[in-house]
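First the structure, in the form of structure tokens, and then the observations on it.
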Number of protein chains: 2
Amino acid sequence: MTTTGLDGFSLLDETWRTVTPDAARRMLIAAVQAFASKGYHATTTRDIASLAGMSPAAVYIHYRSKEELLFNISLVGHETSLALLSSIQGDGAAQRLKNAVAAFAGWHAEFHTTARVVQYELGALSPEHHAEVAELRRQIEQRMRSYIADGVEEGVFDVPDLKGATLAVLSLCIDVARWYQPGGKRTPDEIGAMYADLVLRMVRPN
Amino acid sequence: MTTTGLDGFSLLDETWRTVTPDAARRMLIAAVQAFASKGYHATTTRDIASLAGMSPAAVYIHYRSKEELLFNISLVGHETSLALLSSIQGDGAAQRLKNAVAAFAGWHAEFHTTARVVQYELGALSPEHHAEVAELRRQIEQRMRSYIADGVEEGVFDVPDLKGATLAVLSLCIDVARWYQPGGKRTPDEIGAMYADLVLRMVRPN
DNA sequence: CTTAGCTCTAAGCAACCGCTTAGTATGGAG
DNA sequence: CTCCATACTAAGCGGTTGCTTAGAGCTAAG
């Protein structure tokens, strides 16, 4: 095995560390790249195999179907971003919300390849797999809502509509995956910081 | 011709009024519905024809290819939302930005079917068609930026990063098309009003 | 060395894709 | 009535799709 275009990628993205064996992980990373750049339906199993440097049939050694490949990506991606959002710390509700938005928006920029698949290919999942992922999405929403609710209870935030504000904040962060480009003016960290600032302005009292 | 599921739709959505002849318009509306619910690549020309109540070959009487169908949708959709954003009026920069966000976000809710195709199927356009649409997107961004810049010049907005804030505001509105569902708690107008309020909070001075 | 088990490939199958072709129905002009 | 243009359908073509099958290559236990 020499170059398949994956070498640099797998070093940058540690999301798939736990996927074994090696060939299964390379296949998954190839699928992430292909799904992200062309979309799930426009990607053929031959594309994925070719990106991973293997034959078309090799896909089915490690995965039952193309959809199962997508489900694995979606599941690990959602679990990773939920874990990230759950690990937020900080002094006071304002600091915690700031850290949460910076982390969540920053993740959607830094791992925009994974994030694009996670956020925009949900509809290609089977009903059973979709339901499983939807539960994780509910938990993500609940986490973000609690960060905002904390500030309201502390009296440091002024939010007329808690559910609406949560929706807007999550929406803002998620949409980063749509427009972010690696060669752009802002680094993922800068985007995270800028968005954290904008969100805090949104919830601050008059 | 009796029911194809389009009758109610075409009454609700006046975006395609100018498309003639009638069969071409019905085909386009069928394509919008199919592209929006399954994505461009997952939609077959047989799906579209069937939704329009015609034979598969009828698509090619009015359109050269499936991609040209998408291009027409994308072009008219972008022109419509640009026209909407360009027609904003109001007393003072704050009122104009408020109206602009309410209209733009509201449009992405009310016409979420069209908006989904417009915003999420850009990558399926041919390079030439994509370039044509990209120019319209630049004009949309410029419009929104000028509404924010006006407030900064008037001294009623405090925005550290004009381009960043414009990006965030557009992003917030566009992402409505991703999460909006017709049966939801909020009407398109309510979403527009809520988002206008959130954006004004974001740009107001301390 | 034998054998079992795992990973992978070469070849290909049935189904489906976008699109074309040949021909039919319709309606208006002369 | 004939003639012709337009709008449509039935049938199907070449190519591609997701996935399967049969078997080869490799590793390691006995």
Side-chain angles (χ1 to χ4, degrees), chain A residues 1-4 6 16 19-35 37-74 117 121 123-129, chain B residues 1-2 4 6 10 16 19-35 37-74 117 121 123-129:
Chain A
M1 210 277 294
T2 49
T3 48
T4 61
L6 293 181
W16 316 109
V19 180
T20 52
D22 195 74
R25 181 172 54 251
R26 291 203 294 125
M27 206 68 86
L28 209 92
I29 292 172
V32 172
Q33 290 189 292
F35 291 164
S37 74
K38 310 203 302 175
Y40 174 80
H41 289 291
T43 299
T44 70
T45 54
R46 285 165 178 83
D47 289 338
I48 297 167
S50 161
L51 255 179
M54 302 173 92
S55 79
V59 171
Y60 297 90
I61 305 290
H62 304 287
Y63 301 94
R64 256 184 287 230
S65 67
K66 180 181 156 188
E67 191 271 347
E68 198 182 275
L69 218 25
L70 175 64
F71 173 59
N72 277 346
I73 294 165
S74 195
V117 180
E121 303 295 345
L125 290 168
S126 74
E128 297 77 18
H129 287 162
Chain B
M1 208 276 297
T2 49
T4 62
L6 292 181
S10 47
W16 317 108
V19 180
T20 52
D22 195 74
R25 180 173 55 251
R26 290 204 294 125
M27 204 70 86
L28 208 93
I29 291 172
V32 172
Q33 289 189 291
F35 291 165
S37 75
K38 312 203 302 176
Y40 174 80
H41 289 290
T43 299
T44 70
T45 55
R46 285 165 178 83
D47 289 338
I48 298 167
S50 162
L51 256 179
M54 302 174 93
S55 78
V59 172
Y60 297 91
I61 305 288
H62 304 286
Y63 301 95
R64 255 183 289 229
S65 66
K66 181 181 157 188
E67 191 270 347
E68 199 182 274
L69 219 25
L70 175 64
F71 174 59
N72 277 347
I73 295 165
S74 195
V117 180
E121 303 294 345
L125 291 168
S126 73
E128 296 79 18
H129 287 161

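Order of the sequence lines sets the chain letters (A, B, ...), proteins ahead of strands, with each chain counted from 1.
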Can you find a side chain N or O atom of A/His41 that sits less than 4.0 Å from OP1 or OP2 on D/dT17? no

On the nucleotide C/dG18, are OP1 or OP2 found under 4.0 Å from the side-chain N or O atoms that B/Thr45 carries? yes

[X], nearest nucleotide to its side chain (from [options]):
{"X": "A/Ala57", "options": "C/dT9, C/dC19, D/dC19", "value": "C/dT9"}
{"X": "A/Ala58", "options": "D/dC19, C/dG18, C/dT9", "value": "C/dT9"}
{"X": "A/Met54", "options": "C/dC8, C/dC19, D/dT9", "value": "C/dC8"}
{"X": "B/Ile61", "options": "D/dC19, C/dC19, D/dC8", "value": "D/dC8"}

Let me know the distance between [atom1] of [X] and [atom2] of [N], rounded to the nearest Å.
{"X": "A/Tyr63", "N": "D/dT20", "atom1": "OH", "atom2": "P", "value": "17 Å"}
{"X": "B/Lys66", "N": "C/dT20", "atom1": "NZ", "atom2": "C1'", "value": "17 Å"}
{"X": "B/Tyr60", "N": "D/dC13", "atom1": "OH", "atom2": "P", "value": "17 Å"}
{"X": "A/Arg46", "N": "C/dC8", "atom1": "CZ", "atom2": "P", "value": "18 Å"}
{"X": "B/Arg25", "N": "D/dA7", "atom1": "CZ", "atom2": "P", "value": "14 Å"}
{"X": "A/Ile48", "N": "D/dT17", "atom1": "CD1", "atom2": "C1'", "value": "12 Å"}
{"X": "B/Glu68", "N": "C/dG18", "atom1": "CD", "atom2": "C1'", "value": "14 Å"}
{"X": "B/Leu69", "N": "C/dC19", "atom1": "CG", "atom2": "P", "value": "10 Å"}

Using a heavy-atom cut-off of under 4.0 Å over every strand shown, decide if B/Thr44 touches base, sugar-phosphate, or nothing. sugar-phosphate

Which heavy atom in A/Glu67 sits nearest to a heavy atom in A/Ala124, and how many Å separate them? CG-O, 3.9 Å

Would a distance-only check, ignoring hydrogens and angles, find a side-chain to backbone donor-acceptor pair under 3.5 Å from B/Lys66 to B/Val59? no

Ignoring hydrogens and angles, tell me if any N or O in the side chain of B/Tyr63 forms a donor-acceptor pair with the backbone of B/Ala24 under 3.5 Å. yes

For B/Thr44 and B/Asp47, what are the C-alpha separation, side-chain angles and deciding distance, and is it a side chain to side chain donor-acceptor pair (under 3.5 Å)? CA-CA 5 Å; B/Thr44 70; B/Asp47 289 338; 3.3 Å; yes

On DNA chain C, nearest-nucleotide positions of B/Asp47 versus B/Arg64: which is more 5'? B/Asp47

Under a 4.5 Å cut-off applied to non-hydrogen side-chain atoms, are B/Tyr40 and A/His41 in contact? no

